[in-house]
Amino acid sequence: MANLRVRVAAGIVSAGVALGVAELLAAFFGADSAPLNALGATVVDHTPDGIREWAISTFGTSDKAVLYACMAVVAVVVAAIAGAIERTSRAAGSAILAVFGVVAVLAAVARTSASGALPTIIGVGVGIYALRLLTRRIDATEPQSDAETSSAGGESVTGAPEKVAADATPERRQVLQGLLVVGGLAVVTGVGGRLFGVRRSDVSGERAAVELPQPTAPELPIAPGADLRVPGLTPYLTANSDFYRIDTALIVPQVSKDDWSLRIHGMVDREIRLTWADLANRPAVERLVTLACVSNPVGGDLIGNARWLGYRLDELLAEAGPHPDADMVLSHSTDGWTAGTPLSVLTDGRDALLAVGMNGEPLPVVHGYPARLVVPGLFGYVSATKWVTELEVTRFDRATAYWTRRGWSALGPVKTGTRIDTPRPRGRIKQGRTVVAGVAWAQHRGVRTVEVQIDNGPWQPAQLAEEHSIDTWRQWTFDWDATPGPHTLRARTTDGTGEVQTAERRDVVPDGATGYPSVTLQVN
């Protein structure tokens, strides 16, 4: 049993050094070439929609951390099995590590290039060598068989095992020393490689020094009546640190403004490429726009409102001259993600932007630095490409974007919705006057009314905050004389066209959740 535990430890530290060496080398070949990153990205790309949406609804913006934790658990279990079955004369555990290496190599090559396989190949090779070395030492400590330990010529058999155990003590020390050395190497290469890779590619220092252009058409100040500042109510403007982040990037792309460019090509009269320096010579505008994720459940928080600084996409596209029969712009991210946006939406006069600033500062790296797309009225999966590098003018019948290939709707207009922020669900409040408050949205259509229903009573009008723009959400409040007992509160919105938010409950797949948000609570 003791040797089994040692074998398991040998498997784990050997796999650890394989990952550590690969991580260190990935600092030079790119983060996507690290085995866990490549495998994790492959898992994200091939996860069924139901599981993906369950993960987002359960873990929110921590879904990527949970994925890494799950991969780590699986890696430890597989490594433990590899160590347990490895023998000097039978390299079964080494074969398991080799299979892991092949899978990771295929994942890395699919996302990078042939050279992206080198970190995994070298790392797994070092891991297998470490496992073989440790296994030989462990095997040397195994007791010999009874026939081998029996003394010839009538010598007592009781003394032989004692001699073997005594002779095995130095070998056992060598095993423990080997485990410590390999384990230390795994930690040093893994942690050191990750820190070195992050530091080598980090653009946060560059971002901090960026001077944003002054907008030629600055956004109007937010009117006091647009932000009601009710306790428990979401602020009208969402801080950068609180803004939701849902994307497929396990490792946040680090793109320097000096290396960045935007290529506009495809069905156009002339292909153009813009660098960061080119943008400095163009007029910038500033606009407030609310963005929403298609994965936002009814009453969810995957929605935010920010002040965006950037360049009008209709002007950029006009310079390229889209062909009359083009109807879609396929935007590409530096990490390979794509979104398909109707060309008509980008050219109908709305404030669709190539954004470089967010709430008065350069885009945070996790939100797309140095440049991203912001398009009012569309869910992010068909419009809000972060780390954007290409705008390919094409047609919906010729190109398919990342999520539409996986069965999601190709168009993705944001649905009319609302949320109750206060009082909180399953809470307890005192009877008497209670302020019910929340936010409502119908981007690029505007919010006309919000109504509140107490239990199954009549719908009653809420008081709306001042409307700053039809492209942003509106806060609302409702004064309720709360009576003792359990109650259920619901809310619904009517948009600027007169269409009432639907009561039909639908899941987020394929084009966004629907239904009335509700809060159940107890009044004392």
Side-chain angles (χ1 to χ4, degrees), residues 26-32 34 37 41 61-62 64-65 193-216 218-219 237-263 273-289 291 293 304-313 316 331-337 339 351-375 380 383-391:
F28 300 95
F29 288 87
D32 283 340
N37 295 344
T61 53
S62 300
K64 296 175 179 62
R194 175 56 63 96
L195 293 177
F196 177 66
V198 169
R199 183 171 182 177
R200 189 168 184 266
S201 61
D202 183 36
V203 295
S204 59
E206 171 190 290
R207 172 187 172 272
V210 168
E211 292 187 12
L212 291 176
Q214 291 297 316
T216 56
E219 179 65 63
L237 201 63
T238 307
N240 291 355
S241 58
D242 296 331
F243 210 93
Y244 76 92
R245 178 205 165 197
I246 298 293
D247 53 53
T248 62
L250 289 180
I251 301 298
V252 177
Q254 305 286 323
V255 184
S256 169
K257 63 179 177 59
D258 297 327
D259 299 327
W260 175 87
S261 66
L262 179 69
R263 177 187 174 212
R273 186 182 293 272
L274 298 169
T275 65
W276 184 266
D278 293 329
L279 294 180
N281 300 318
R282 305 184 65 89
V285 297
E286 190 176 52
R287 295 291 185 268
L288 277 168
V289 177
L291 296 185
C293 180
N305 188 44
R307 188 188 300 272
W308 307 95
L309 175 70
Y311 306 89
R312 295 192 63 88
L313 286 170
L316 298 180
S331 52
H332 298 250
S333 170
T334 189
D335 67 347
W337 189 82
D351 293 318
L353 303 176
L354 173 70
V356 297
M358 182 178 182
N359 289 331
E361 61 182 70
L363 287 173
V365 177
V366 296
H367 290 298
Y369 176 86
R372 65 168 296 166
L373 302 187
V374 172
V375 182
S383 67
T385 304
K386 295 185 282 191
W387 315 288
V388 63
T389 58
E390 291 183 44
L391 299 180

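Residues: numbered from 1 along the sequence shown.
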Determine, stepwise, if the pair L291 / V374 fulfils side-chain contact (heavy atoms from CB on, under 4.5 Å). CA-CA 8 Å; L291 296 185; V374 172; 3.9 Å; yes
For the residue pair S256 and E206, confirm or rule out a side-chain donor-acceptor distance under 3.5 Å.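 The criterion, which ignores hydrogens and geometry beyond distance, is satisfied for E206 and S256.
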Any donor-acceptor pair under 3.5 Å linking the side-chain atoms of D32 with those of N37?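 No, D32 and N37 have no side-chain donor paired with an acceptor closer than 3.5 Å.
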What verdict does the side-chain contact (heavy atoms from CB on, under 4.5 Å) test give for L373 and L353, after you've listed the backbone C-alpha separation in whole Å, the side-chain angles of each residue and the deciding distance to 0.1 Å? CA-CA 6 Å; L373 302 187; L353 303 176; over 6 Å; no
So [Y] and [X], do their side chains get closer than 4.5 Å, heavy atoms only?
| X | Y | answer |
| --- | --- | --- |
| P213 | L309 | yes |
| R245 | V252 | yes |
| Y369 | V210 | yes |
| P370 | V356 | no |

Classify the ring geometry between W260 and W276 as parallel (under 30°), tilted (30 to 60°) or perpendicular (over 60°).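 Perpendicular.
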Report the residues that fulfil side chain to side chain donor-acceptor pair (under 3.5 Å) with E219, sequence neighbours left out, ordered by chain and then residue number.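 Once residues adjacent in sequence are excluded, the partners of E219 under the side chain to side chain donor-acceptor pair (under 3.5 Å) criterion are H468.
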Partners passing side chain to side chain donor-acceptor pair (under 3.5 Å) against D242 (at least two apart in sequence or in another chain):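 Testing D242 for side chain to side chain donor-acceptor pair (under 3.5 Å), a comparison that skips the adjacent residues, returns none.
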Using 0.5 Å steps for rounding, measure from the [atom1] atom of [X] to the [atom2] atom of [Y].
| X | Y | atom1 | atom2 | result |
| --- | --- | --- | --- | --- |
| I251 | D335 | CD1 | CG | 11.0 Å |
| N240 | M358 | CG | CE | 4.5 Å |
| L212 | E361 | CG | CD | 8.5 Å |
| H367 | R372 | NE2 | CZ | 7.5 Å |
| T248 | L250 | OG1 | CG | 8.0 Å |
| L313 | L391 | CG | CG | 6.5 Å |

If you apply the rule side-chain contact (heavy atoms from CB on, under 4.5 Å), what do you find for L354 with L316, and how did you get there? CA-CA 9 Å; L354 173 70; L316 298 180; 4.0 Å; yes
Thinking salt bridges, do D247 and K64 make one under a 4.0 Å N-O criterion?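 Between K64 and D247 there is a salt bridge, with a charged N closer than 4.0 Å to a carboxylate O.
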Is [X] reaching over with its side chain to a backbone N or O of [Y], donor-acceptor style, under 3.5 angstrom?
| X | Y | result |
| --- | --- | --- |
| W387 | V365 | yes |
| D202 | R199 | no |
| T216 | A284 | yes |
| R200 | A27 | yes |
| E390 | S331 | no |

Measure across [X] and [Y] and return the closest heavy-atom pair with its distance rounded to 0.1 Å.
| X | Y | answer |
| --- | --- | --- |
| P218 | P215 | CD-O, 3.8 Å |
| D278 | R282 | O-CG, 3.5 Å |
| S261 | R273 | OG-NH1, 3.1 Å |

With W308, the side chain to side chain contact (heavy atoms under 4.5 Å, CB included) member among D351, L288, L363: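 The passing option is L363.
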Trace of the side-chain contact (heavy atoms from CB on, under 4.5 Å) decision for N359 with F243: CA-CA 11 Å; N359 289 331; F243 210 93; 5.7 Å; no
